[in-house]
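Report on the following structure.
By convention here, the first residue in the shown sequence is residue 1.
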Amino acid sequence: MAEPQNDRARRPAGLRLWRGNDYRPHYVICGHDPLSYWVARALLAPELAAGRVRITLIVPERRRGDGPDGRELDGVQVVRADRLDEATFRRAGLAGAAGLALLHQDDVGNMHAALCAQEVEPSLRLVVRMFNTSLANGLREFFPDSAVLSDATMAAPAFVAAALGEVAPTHFRHAGRTLYVAERDDVRPKDVVCGLAVTTDPDLVRVLPADEQAADVVLAEATGQPAGTEVAARRLVRARRRRQPLAVLLRAVRSFATRKIGIAVIVLLAVIAGLGWLNARATDVSWAEALYLTLVTTLSGQDPDVNKPAAAQIMQVVLNLAGLALIPLITAVVVDGIVNARLALHAGRIQPDRSGHVVVVGLGNIGTRVMAQLRDFGVEVVAIDRQAEARGASLARRLGVPLIVGDAAREETLRSASVEHCQALVVVSTDDGANLRAALNARALNPGLRMVLRLFDGDFAERIQKAFDIGVSRSVSYLAAPAFAAALLDRAVIATIPVGRHALLVVEVPVVAGAPLDGRPLSAVARPGEVRLLAHTPAGQRTDWRADPRMVISAGDRLTVVARRVGLSALLRETTPVPPPAPASTPTGTPNPARGRSAASGPATTPTPRPSEE
């Protein structure tokens, strides 16, 4: 049905109709992993966009990976396509859309998709997931209205802090101040900006409590004091135990030759020792003379002597035969040891015993960042990956980090990394099952080991933690999704603060004329457990970090808050005007766009409920 002329005139710029008279902003998300799932969830009610947007998700024809990718979410239009080109973007309704998120893990592929999208909609808001910073800088030059983000860069500090036994090492600069997250006991009282969470009970973490003095995790201003993570890293480096030379030597001997050759050498030496003792008894000499005669007879032979007793002659012949077998056996041990040593060194299996280090399993995007940040703190790191040419292998070589190629779920691989003597194990591969197996085997080798796992399913992570008492679990996608969603909505998230299974957002929110908060006091902003006001910036004035809660909010003011995602959603509704009534309902028979439909394959599948990590 053609759009009426008067409706077309009233339609805001940059918006196009999806189905019927739906004037909500339209956003397109391209991805096939948990990040696209969490970004789509963040845009749905009651998250950042408060349900006032339309979402189209472009996914491959076949699901890639075990984790959800967003196609099962209710309220999302799904387009299945294996290639991101102009035809796919037109089919997804990109023309006139308000924003596009390219969330694939292929940097070059994302750049190519961005160029194709520009042909369809030149004035598009673009949010791109990138790992290579040099490509990111080039993309910003081509697309000025774009945000290039790295989920690995956002989430890595949380893994590093958990490995060191500290709170999230978030630090950011805003309005002339540098703020960071720390434990209250580690900062001076005058440097505390606000309380963030009560973590004294690990099973019941309370964020943004009503009584700020009860919070043991706080947001503080940096005034020349080192952050908690840096202090923990220094402590770990100082506490590193000395390596044991004897253990290193024995381990090198064990790895020098194969098991069969080692057994043959031991048996032959035992035979020679027994014959030497019998020879000493037959010739009636001291033990020193017997040792001399045995070695000389075995290695070089003795002149025959028919005047010797018959037993001594027999011993001499047998020792000569043993000597003939010993020489080639020694040669085989040397050759086999050299070959095995070269192969083991190439594969990273021969490593000196270490203690007080951190083992990182998986050198993908997040593992590479974690390894680099730990090395920046001076912490000794050993890396494990299934592939010798993993994404972070070249960086590991440049940083001098030993890389062990093998399956971290196997005991011998963990022993090669000296897991039984390490301080922490960070398992960040993309396979939840492999991560769990590696953690359980490592726990068997080192019961007191601090472990940090990368697990997507929050309910699964909590059950594993309770059942096996396994450290901390982190979801990279969950930690990074709020920043991607906010960038897509053109709202800058200043920082993301992970606290346990919660994610707090630091955001500066403008107050629009006619909003519910316009004309109300600042005290109306705070909501215990959801939102806390950090600073108030009146229109055209400097930021006030200690604003009077009785001060009246005016249009044009900016509020800097730290909030949970649900609390931020409520705050965004109160800082923007109430939208006008929606146009008349769609004609009878028109499908409801708020329900999930696939543009390529009919009705969407029944949504599978996912556990919330809030």
Side-chain angles (χ1 to χ4, degrees), residues 10-15 21-27 41-55 75 97-99 125 127 145 147 174-175 194 207-208 210 482-496 503-583 594 614:
R10 291 197 307 266
R11 188 178 63 194
L15 303 182
N21 297 325
D22 193 342
Y23 295 96
R24 293 177 298 166
H26 182 207
Y27 295 95
R41 269 197 58 172
L43 293 173
L44 296 172
E47 306 294 345
L48 289 178
R52 290 179 287 180
V53 300
R54 296 183 282 109
I55 302 174
R125 171 68 178 171
V127 177
D145 188 18
H174 178 66
C194 74
V207 296
L208 304 178
F484 279 86
L488 195 59
L489 297 170
D490 203 9
R491 296 174 184 144
V493 173
I494 300 172
T496 302
L504 301 178
L505 306 177
V506 181
V507 185
E508 187 178 56
V509 180
V511 179
V512 182
L517 277 180
D518 187 5
R520 298 186 63 188
L522 287 175
S523 58
V525 176
R527 294 185 178 186
E530 293 186 5
V531 181
R532 178 155 294 152
L533 180 67
L534 296 180
H536 173 227
T537 307
Q541 301 182 32
R542 299 181 61 181
T543 300
D544 186 1
W545 289 90
R546 300 186 182 275
D548 189 338
R550 296 171 298 180
M551 183 176 296
V552 175
I553 303 173
S554 302
D557 292 357
R558 298 193 306 276
L559 306 174
T560 303
V561 299
V562 55
R564 296 174 64 184
R565 293 190 293 177
V566 174
L568 179 59
S569 174
L571 180 63
L572 292 175
R573 288 194 294 267
E574 294 182 354
T575 55
T576 55
V578 178
E614 269 266 288

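- The heavy-atom pair separating Val127 from Phe484 by the smallest distance is CG1-CD2, 3.9 Å.
- Minimum heavy-atom separation, Arg125 to Ala147: NH2-CB, 3.8 Å.
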Side chains of residues 535-543: which donor-acceptor partners sit under 3.5 Å, not counting sequence neighbours?
unit_1, atom_1, unit_2, atom_2, d
His536, NE2, Asp557, OD2, 3.0
Thr537, OG1, Thr543, OG1, 2.8

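- Val531 has its side chain out of reach of Leu208: every pair of non-hydrogen atoms, C-beta onward, lies at least 4.5 Å apart.
- Here the CG atom belonging to Leu517 is positioned 9.5 Å from the OG1 atom belonging to Thr576, to the nearest 0.5 angstrom.
- Within the structure, every pair that satisfies the side-chain hydrogen bond (donor to acceptor under 3.5 Å, both in side chains) test and touches residues 515-535, not counting sequence neighbours, is listed here: Arg527-Glu574.
- Partner of Val561 under the side chain to side chain contact (heavy atoms under 4.5 Å, CB included) criterion, chosen from Leu571, Ile494, Leu534: Leu571.
- Taking every heavy atom of both residues into account, Gly529 and Arg564 meet most closely at O-CD, 3.0 Å.
- The shortest side-chain heavy-atom distance between Ile553 and Leu522 falls under the 4.5 Å cut-off.
- When the salt bridge (charged side-chain N to carboxylate O under 4.0 Å, His left out) test is applied to Arg558, the partners found at least two apart in sequence or on another chain are Glu508.
- For the pair Val506 and His174, the minimum side-chain heavy-atom distance is 4.5 Å or more.
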